[in-house]
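Notes for the one structure printed next.
Just the heavy atoms: all of them, side chains too, but no hydrogens, waters or symmetry mates, feed the values below. In this chain, numbering begins with 1 at the start of the sequence shown.
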Amino acid sequence: MNEQACVELLEHHGVKPTANRIVVVKALVAAERPMSLTELEYQILTIDKSGVFRALTLFREHHLVHVIEDGGDGVRYELCRSHHGHKDDDLHVHFYCEHCRRTFCLEDIAVPEVQLPEGFEMTSVNFMVKGICPHCR
């Protein structure tokens, strides 16, 4: 994704496109899989950990990233391909490999609809399948 596309994506989600935010978006695009804060920190050497975390927090508030419980003991961040700046419309299943500890997006598998009892309101959903990925198998 080029810089102009990153700017447009940020603006579409109501986020001011600063240099640091553009760098974080580019890193998420290049990763092609959900990344932990530590992985992003190692990939982005020009921004300190707190700067990356602030960008991710802002992106989450504006539905630009999904925050995924990674199947282990942490969270991972994935660029949201939503067409809306106010809600996520690209929810999909994720797969956690118990051997290599990587998390994969299964974008062609939609998260099943959950019928909640009356009075409950869903704000997010995290659908994680655990097992062994093809590379580790």
Side-chain angles (χ1 to χ4, degrees):
M1 179 179 283
N2 65 32
E3 188 164 330
Q4 183 58 37
C6 291
V7 168
E8 290 172 9
L9 181 64
L10 287 163
E11 289 176 342
H12 176 74
H13 285 270
V15 177
K16 182 179 177 181
T18 65
N20 282 358
R21 293 172 187 163
I22 292 169
V23 168
V24 174
V25 167
K26 284 183 175 183
L28 288 167
V29 169
E32 296 182 346
R33 66 180 181 86
M35 301 285 285
S36 70
L37 179 59
T38 302
E39 290 172 323
L40 285 167
E41 179 186 6
Y42 286 123
Q43 187 175 356
I44 304 171
L45 301 176
T46 58
I47 306 171
D48 65 13
K49 185 176 185 174
S50 63
V52 174
F53 183 74
R54 282 192 306 273
L56 292 170
T57 300
L58 181 66
F59 292 175
R60 182 180 186 181
E61 292 169 1
H62 289 266
H63 300 278
L64 183 57
V65 294
H66 297 294
V67 178
I68 304 156
E69 295 170 18
D70 72 0
D73 58 357
V75 297
R76 295 185 179 267
Y77 300 88
E78 161 186 42
L79 194 62
C80 182
R81 305 290 182 177
S82 178
H83 297 96
H84 300 10
H86 305 294
K87 67 176 186 166
D88 299 337
D89 64 1
D90 71 336
L91 298 176
H92 53 269
V93 173
H94 294 90
F95 184 91
Y96 176 76
C97 179
E98 295 171 322
H99 186 263
C100 67
R101 303 185 193 289
R102 291 178 58 194
T103 302
F104 300 87
C105 296
L106 304 179
E107 294 179 5
D108 294 335
I109 303 174
V111 172
E113 186 175 333
V114 177
Q115 297 295 323
L116 296 174
E118 187 175 328
F120 289 85
E121 179 182 343
M122 179 171 45
T123 58
S124 68
V125 63
N126 185 12
F127 197 99
M128 178 71 65
V129 176
K130 296 180 183 182
I132 305 297
C133 73
H135 178 75
C136 292
R137 198 175 57 137

Worksheet entry | side chain to side chain contact (heavy atoms under 4.5 Å, CB included) between His135 and Arg102, intermediate numbers included | CA-CA 11 Å; His135 178 75; Arg102 291 178 58 194; 5.9 Å; no
Worksheet entry | Worked check of side chain to side chain donor-acceptor pair (under 3.5 Å) between Thr18 and Asn20 | CA-CA 6 Å; Thr18 65; Asn20 282 358; 5.9 Å; no
Item to complete: Take Leu56 and Leu40, measure what side chain to side chain contact (heavy atoms under 4.5 Å, CB included) needs, and give me the verdict at the end.
Response: CA-CA 10 Å; Leu56 292 170; Leu40 285 167; 3.9 Å; yes
Worksheet item: So Glu61 and Leu58, side chain to side chain contact (heavy atoms under 4.5 Å, CB included) or not? Walk me through it.
Response: CA-CA 5 Å; Glu61 292 169 1; Leu58 181 66; 3.9 Å; yes
Item to complete: Give the intermediate values and the outcome of side chain to side chain contact (heavy atoms under 4.5 Å, CB included) for residues Phe95 and Thr103.
Response: CA-CA 6 Å; Phe95 184 91; Thr103 302; over 6 Å; no
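In the hydrophobic clustering of this structure, Ile109 does not group with Ile132; members are Ile, Leu, Val, Met, Phe, Trp, Tyr whose side-chain heavy atoms approach within less than 4.5 Å, directly or through other members. By the rule that hydrophobic residues join a cluster once side-chain heavy atoms approach within less than 4.5 Å of another member, Phe127 and Val114 end up as members of one cluster. When the side chains of ILVMFWY residues are joined at heavy-atom separations under 4.5 Å, either directly or via intervening members, Leu116 and Val111 end up in a single hydrophobic cluster.
To the nearest 0.5 angstrom, Met122 atom CE is 9.0 Å from Gln115 atom CD. Going from atom CD of Glu32 over to atom CG of Leu79 covers 11.5 Å, rounded to the nearest 0.5 Å. If you take CG on Leu64 and OH on Tyr77, they are separated by 13.0 Å, rounding to the nearest 0.5 Å. Here His66 contributes atom NE2 and Arg60 contributes atom CZ; the two are 11.5 Å apart, rounded to the nearest 0.5 Å. Note that NZ of Lys49 is 13.0 Å distant from CD1 of Ile44, once rounded to the nearest 0.5 Å. From Asp48, atom CG reaches atom CZ of Arg54 across 6.5 Å, with rounding to the nearest 0.5 Å.
When all heavy atoms of Cys133 and Cys97 are compared, the closest pair comes out as N-SG, 3.4 Å. Ala55 and Val24 get closest at one heavy-atom pair: CB-CG2, 4.0 Å. Residues Gly14 and His62 share a closest heavy-atom pair of O-CE1, 3.4 Å. The shortest heavy-atom contact between Arg101 and Arg76 is O-NH2, 3.2 Å. Here the closest heavy-atom approach between residue Leu10 and residue Phe59 is recorded as CD2-CE2, 3.6 Å. Residues Ile22 and Pro17 come closest through the heavy atom pair CD1-O, 4.1 Å.
Annotation: Asn2, atom CG; neighbour count of heavy atoms from other residues, nucleotides and ligands within 6.0 Å is above 12. Shown here is Glu98, whose CD atom has more than 12 heavy atoms of other residues, nucleotides or ligands within 6.0 Å.
For the pair Glu78/His94, a side-chain contact is recorded, criterion being any heavy-atom separation below 4.5 Å from C-beta on. Inter-residue side-chain proximity for His99 and Arg137 is flagged as unmet; no heavy-atom pair is nearer than 4.5 Å.
In this structure Arg33 satisfies the salt bridge (charged side-chain N to carboxylate O under 4.0 Å, His left out) test together with Glu39, sequence neighbours excluded.
Judged purely by atom type and a 3.5 angstrom limit, His63 has no side-chain atom pairing as donor or acceptor with the backbone of His13.
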